[in-house]
Participant: 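Sending over a structure as C-alpha cells; questions will come in a sec.
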Number of protein chains: 2
Amino acid sequence: MDLQAKNLSAELSKRNIRPSYQRIKVLEYLIKNQFHPTADQIFTGLQGEIPTLSKSTIYNTLNTFIQSGLVRVLNIEDNETRYDIITESHGHFKCETCGAIFNFKINIDSFATEELKGFKVIDKNVYFKGVCPKCLLNINQGKNNRKENVL
Amino acid sequence: MDLQAKNLSAELSKRNIRPSYQRIKVLEYLIKNQFHPTADQIFTGLQGEIPTLSKSTIYNTLNTFIQSGLVRVLNIEDNETRYDIITESHGHFKCETCGAIFNFKINIDSFATEELKGFKVIDKNVYFKGVCPKCLLNINQGKNNRKENVL
DNA sequence: GTAAATATAATAATCATTACAAGTTTAAAC
DNA sequence: GTTTAAACTTGTAATGATTATTATATTTAC
C-alpha cells in the first residue's frame with residue numbers, strides 16, 4: 001500500500017469511516033476521475049482491479065461518503081445521478097451535445113437571497129445546460145458529435 | 001367547456017400542440033397546482049375527472065410540454081422528477097424536513113460567468129436545500145414534522 | 001364519408017437504486 | 001493467538017419510475 005493510499009485511508013478515518021479496501025478504491029477513483037461519474041461508471045472502472053466487486057458496495061460506499069460530506073450528488077438529469085468529490089462551492093455546466101460536465105466558479109454569496117430570509121440554507125446548487133465550445137465549433141463546421149444532437 | 005379551457009386550448013394551439021382533452025386537463029392542473037408536482041401526483045389528481053386516464057398519457061403529455069418549452073423539469077432529488085409550469089427564471093428552495101419546494105426570484109445575470117466564455121448557455125437552474133421557516137420553528141419548539149427529520 | 005395521421009390507453013420492458021440475507025473480514029476481548 | 005461480536009461486502013431479489021410497444025380510439029384532410 002503506497003503513500004497515497006495511506007493518505008486516503010487517513011482521510012476516511014478522520015471522518016469515522018472505516019477504511020476498507022473497497023472504500024479506499026472508490027475514493028481514489030473519485031479523486032482521479034473528476035468527470036462527475038455515475039455509480040455505474042465507478043463500478044465499471046474498478047471491476048478490473050477488484051474482480052469480486054459488487055454494485056451494492058458502490059452504492060453503499062457512495063451513500064456513506066455523502067452522509068459524511070465527502071462527496072456531493074449532482075441531479076442535473078433525471079436519469080443519471082452523478083457524484084462529485086469536490087465539495088467546495090462551484091457551478092456545473094452540462095453540454096447537451098456531448099454530455100460532458102464542466103465545473104465553473106461561482107460566487108454563491110452574490111445571490112439575492114432577500115426572499116429567503118428565515119430559511120436555513122444548507123446546500124446550494126447551480127446547474128447550467130447548453131453547448132460547450134468544442135461542440136459549438138463542430139456544429140458550425142457541420143460535423144456531428146456524439147449522442148443524438150438534441151439541438 | 002368554459003372560457004379558461006378555451007384559453008388553455010389556444011395556448012396549446014399556439015405552440016402547435018393539438019389541444020386534446022387530456023392535454024388541456026394536465027395544463028390546467030399544472031396552472032392550478034403550482035407546487036411542482038410529480039408525474040404521479042398529476043396522474044392521481046386527474047384520475048377523478050378522467051377515469052380512463054393512463055399514466056402513459058401523463059408522461060407523453062409532459063414530454064410534449066417540455067419539448068415546446070411550456071414546462072420545465074426540476075431534478076432536485078434523484079428519486080423524484082418534478083414539473084414546473086413557470087418558465088420565467090427563478091430559483092427553487094427545497095425544505096429537507098417537510099419536502100415543500102418554494103420559488104424565489106434570482107438575478108440570473110448576476111452570475112459571474114467569466115469562466116463560461118465560449119459556452120452557449122441554454123438553461124440555468126438554481127437549487128437550494130435547507131429548512132423552511134415553518135419547520136425551523138417547529139424544530140425549535142421540539143415538535144416533529146413530517147418525514148424522517150434528516151437534520 | 002373514408003383514409004391517413006395522431007393521440008390515448010394498457011401492458012410489458014427497462015434500468016437505476018434499494019432491501020435483504022448470507023458469507024466474509026476486521027476489530028476487540030480475553 | 002483464539003474467540004466473539006460487529007461491521008463490511010456480496011449476490012440476488014424487490015421496488016419504482018419511466019419508456020417502449022401495440023392496439024384502439026379519435027381527429028384531420030381530402
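Proteins get letters first, then strands, A, B, ... in listed order; numbering begins at 1 in each. The shown structure was predicted, so the numbers you read here are calculated from the model rather than taken from an experiment.
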Participant: Which atoms form the tightest heavy-atom contact between A:Tyr83 and A:Val73, and what is the distance?
Facilitator: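 It is CE2-CG2, 4.2 Å.
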
Participant: Between C:dT18 and A:Tyr59, is there an OP1 or OP2 to side-chain N/O distance shorter than 4.0 Å?
Facilitator: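 No, no such contact exists.
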
Participant: Measure centre to centre between the rings of A:Phe119 and B:Phe128, then say whether the value is under 6.0 Å.
Facilitator: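 Between B:Phe128 and A:Phe119, which both carry aromatic rings, the centre distance is not below 6.0 Å.
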
Participant: Please tell me which of B:Asp78 and B:Ile50 maps to the more 5' nucleotide of DNA chain C, matching each residue to the nucleotide holding its nearest heavy atom.
Facilitator: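 Nearest nucleotide further toward 5': that of B:Ile50.
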
Participant: Does the side chain of B:Asp123 come within less than 4.5 Å of B:Arg72's, by heavy atoms?
Facilitator: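 Of all side-chain heavy-atom pairs linking B:Asp123 with B:Arg72, at least one is under 4.5 Å.
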
Participant: Relative to the 5' end of DNA chain C, which residue comes earlier, A:Lys55 or B:Pro51, by the nucleotide with the nearest heavy atom?
Facilitator: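 Mapping each residue to its closest nucleotide by heavy atoms, the 5'-most match is B:Pro51.
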
Participant: Counting only side-chain N and O atoms of A:Ser20, is one of them less than 4.0 Å from OP1 or OP2 of D:dT9?
Facilitator: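 For D:dT9, OP1 or OP2 has a side-chain N or O of A:Ser20 closer than 4.0 Å.
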
Participant: What nucleotide, of C:dT8, D:dA17, C:dA27, holds the atom closest to the side chain of A:Arg18?
Facilitator: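 In terms of side-chain proximity for A:Arg18, the closest of C:dT8, D:dA17, C:dA27 is C:dA27.
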
Participant: For D:dT26, does either OP1 or OP2 sit under 4.0 Å from a side-chain N or O belonging to B:Gln22?
Facilitator: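 For D:dT26, neither OP1 nor OP2 has a side-chain N or O of B:Gln22 closer than 4.0 Å.
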
Participant: Check the distance between D:dT27's P and B:Leu12's CG and give it to me in whole angstrom.
Facilitator: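 To the nearest whole Å, that distance equals 15 Å.
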
Participant: When all nucleic acid strands are considered with a 4.0 Å heavy-atom cut-off, which category describes B:Asp40: base, sugar-phosphate, or nothing?
Facilitator: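 Here B:Asp40 touches no strand at all.
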
Participant: Report the distance from atom CG of A:Leu62 to atom C1' of C:dT17, rounded to the nearest whole Å.
Facilitator: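 Taking atom C1' of C:dT17 as the reference, CG of A:Leu62 is at 12 Å.
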
Participant: For the residue pair B:Gln22 and B:Leu46, establish whether any side-chain heavy-atom pair is separated by less than 4.5 Å.
Facilitator: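 Heavy-atom side-chain distance check fails, nothing below 4.5 Å.
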
Participant: Is the B:Tyr127 ring parallel, tilted or perpendicular to the B:His92 ring (thresholds 30°, 60°)?
Facilitator: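 Tilted, since the angle between the ring planes falls between 30° and 60°.
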
Participant: Contact class for B:Thr38 (heavy atom, under 4.0 Å): base, sugar-phosphate, or nothing?
Facilitator: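 Counting heavy atoms under 4.0 Å across all strands, no contact is made by B:Thr38.
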
Participant: Check this one for me: any side-chain N or O of B:Asn63 less than 4.0 Å away from OP1 or OP2 of D:dT19?
Facilitator: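 Affirmative; the distance criterion is met.
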
Participant: Identify which nucleotide among D:dT18, C:dA9, C:dT17 has an atom closest to any side-chain atom of A:Thr81, counting heavy atoms from C-beta outward.
Facilitator: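 So the side chain of A:Thr81 is nearest to C:dT17.
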
Participant: Ignoring hydrogens and angles, are the base of C:dA10 and the side chain of B:Ser56 linked by a donor-acceptor pair under 3.5 Å?
Facilitator: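 Result: at least one qualifying N/O pair found.
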
Participant: Can you tell me how far C1' of D:dC8 sits from CG of A:Asn16, to the nearest Å?
Facilitator: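 About 16 Å, once rounded to whole Å.
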
Participant: Using a 4.0 Å heavy-atom cut-off across all strands, classify B:Thr52 as base, sugar-phosphate, or nothing.
Facilitator: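 Sugar-phosphate contact only.
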
Participant: Report which part of the nucleic acid A:Thr57 touches: base, sugar-phosphate, or nothing (heavy-atom distance under 4.0 Å, all strands).
Facilitator: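 Counting heavy atoms under 4.0 Å across all strands, the contact made by A:Thr57 includes a base.
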
